[in-house]
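To start, the structure itself, in structure tokens.
One-based numbering, in listed order, for ligands and for the atoms of each. All values derive from a computational prediction rather than experimental measurement. Numbers here are sequence positions counted from 1.
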Amino acid sequence: MIVYHPDYQKHVLSPGHPESPKRLERIVERLKKEELFNVLPPEKASVEQISRVHDIDYINTIKNMDFIDFEAPVHPETFDIASLAAGGTITATEYAFENKKPVFALVRPPGHHSGRDYGGGFCYFNNVAIGVKNLNKKTAIIDIDLHHGNGTSDIFYEDSGVLYISTHQANIYPGTGRIEETGKGNGEGFNVSIPFPSGCGDNSFDLAFEKIIKPVVNQFSPEMIFVSFGGDAHYMDPLGGLSLSSPGYVSLCEKITNLAKNVCDSKLCFVLEGGYNVDALSEVIAGIVGFWYDKKIDYEFTNVNDNFDTGKRIVEKVINVQKRYWGIINSS
Ligand SMILES: [Zn+2]
């Protein structure tokens with residue numbers, strides 16, 4: 001199932017900006033071509049629902065079109081469309097939870113760089129965090145965008161009821177997501193950062209899934225799983241240096257889907273974050289939704305380039321830090 005609304009394409013940051021309406025346009029086109037476009041319409045999130053995550057003063061700065069960040073300019077339509085993106089995530093969450101079926105919320109603007117009282121990195125409201133808070137169950141968030149979801153990590157940093165795991169490229173925007181960031185207070189041990197250097201791809205991600213993500217999520221035993229899905233870790237992406245191929249991306253998401261089936265009865269919600277090569281982004285999303293409906297997709301972008309020695313070293317470093325909290329081991 002897909003959650004989508006045509007108004008998501010009315011959001012334009014600035015002319016020529018990579019986070020453009022073209023992204024969803026191409027995804028919708030591709031899903032229609034593959035006969036995978038089964039849509040559930042969203043409703044706008046109320047201020048009350050948004051305020052379960054964001055401070056009311058921050059919500060009002062967006063409503064009143066005040067400045068928040070150079071990379072998140074506020075226009076007259078921003079508040080309404082960002083509220084519809086948050087609402088779409090709530091719609092997707094409720095559908096997935098009630099029907100025990102995976103849902104993909106194809107929303108814009110994205111959300112994972114937005115914290116309680118700040119925006120940035122093309123993000124205004126944190127859609128995933130709003131979905132999590134409105135469901136209010138024990139939740140695991142797996143963030144596979146190229147960038148660290150600093151907003152989501154911040155929001156749940158002291159919360160033991162929400163596990164946040166992020167794979168991302170090291171040492172790029174927003175600069176957070178170091179291995180040593182493990183959570184604080186009650187939340188200590190519930191924040192897992194896997195920062196891959198440039199060049200890491202399919203096998204490195206597969207190792208991170210098998211050695212860290214799968215066992216940690218299993219042990220945490222959530223009632224619901226969210227995926228902050230960014231397509232910008234693809235080797236075709238113009239912003240990033242990671243090198244997942246389309247089959248590598250889809251295989252990772254298939255494994256996450258199977259994990260959700262075993263751990264929480266397929267209560268699984270994917271939410272769109274970044275991804276700026278529209279051809280690669282749309283074929284990966286078609287592959288993921290195709291897997292849910294048993295439909296095979298033909299891929300154009302299949303090159304496997306992986307700096308696996310480096311990737312493996314990072315996975316080992318993460319295990320050495322996280323084994324204080326979880327039953328995970330380095331086998332070598
Ligand atoms: Zn990103």
Side-chain angles (χ1 to χ4, degrees), residues 8 11 13-14 16-24 26-27 68-73 82 85-86 89 104-115 118-129 131 141-155 164-178 181 192-201 204-205 208 226-246 248-250 252-253 256 269-285 288 301:
Y8 292 146
H11 170 62
L13 280 121
S14 53
H17 197 286
E19 204 293 276
S20 79
K22 266 255 168 286
R23 301 174 61 232
L24 278 184
R26 194 63 65 84
I27 295 167
I68 59 168
D69 188 283
F70 283 114
E71 286 295 357
T89 308
F104 208 129
L106 290 173
V107 299
R108 284 182 66 243
H112 73 154
H113 296 306
S114 165
Y118 61 88
F122 327 154
C123 300
Y124 304 87
F125 295 143
N126 194 312
N127 302 315
V128 166
I141 302 169
I142 303 170
D143 186 329
I144 57 171
D145 189 273
L146 170 79
H147 303 95
H148 180 240
N150 56 318
T152 315
S153 177
D154 261 3
I155 289 163
Y164 178 74
I165 304 182
S166 173
T167 55
H168 45 271
Q169 185 176 346
N171 304 319
I172 58 165
Y173 178 88
T176 49
R178 288 172 301 110
E181 292 171 26
V192 181
S193 291
I194 309 171
F196 284 126
S198 165
C200 290
S204 298
F205 276 81
F226 282 77
V227 177
S228 258
F229 177 85
D232 40 6
H234 198 289
Y235 70 79
M236 288 295 291
D237 197 87
L239 299 196
L242 295 181
S243 58
L244 276 169
S245 69
S246 294
Y249 243 122
V250 175
L252 175 66
C253 294
I256 293 172
C269 180
F270 274 61
V271 183
L272 183 64
E273 303 286 359
Y276 306 99
N277 178 295
V278 292
D279 296 322
L281 178 67
S282 53
E283 84 170 5
V284 169
I285 290 178
I288 297 164
F301 306 111

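Every residue two or more places apart in sequence or in another chain that forms a side chain to side chain contact (heavy atoms under 4.5 Å, CB included) with A72 is listed here: I68, D69, Y124.
A heavy-atom distance below 4.5 Å is not found between the side chains of M236 and D279. L272 places a side-chain heavy atom less than 4.5 Å from the side chain of L281.
Atom OD1 is the N, O or S atom of D145 at the shortest distance from the Zn ion (ligand 1). When distances from the Zn ion (ligand 1) to the N, O or S atoms of D232 are compared, OD2 comes out shortest. The name of the N, O or S atom in H147 nearest to the Zn ion (ligand 1) is ND1.
The Zn ion (ligand 1) has no N, O or S atom of H112 under 2.8 Å away, backbone or side chain. Distances from the Zn ion (ligand 1) show that E273 has no N/O/S atom below 2.8 Å.
Under the 30°/60° scheme for interplanar angles, the aromatic rings of F205 and F196 are found to be tilted. Classification of the F270-F229 ring pair by plane angle, with boundaries at 30° and 60°, yields tilted.
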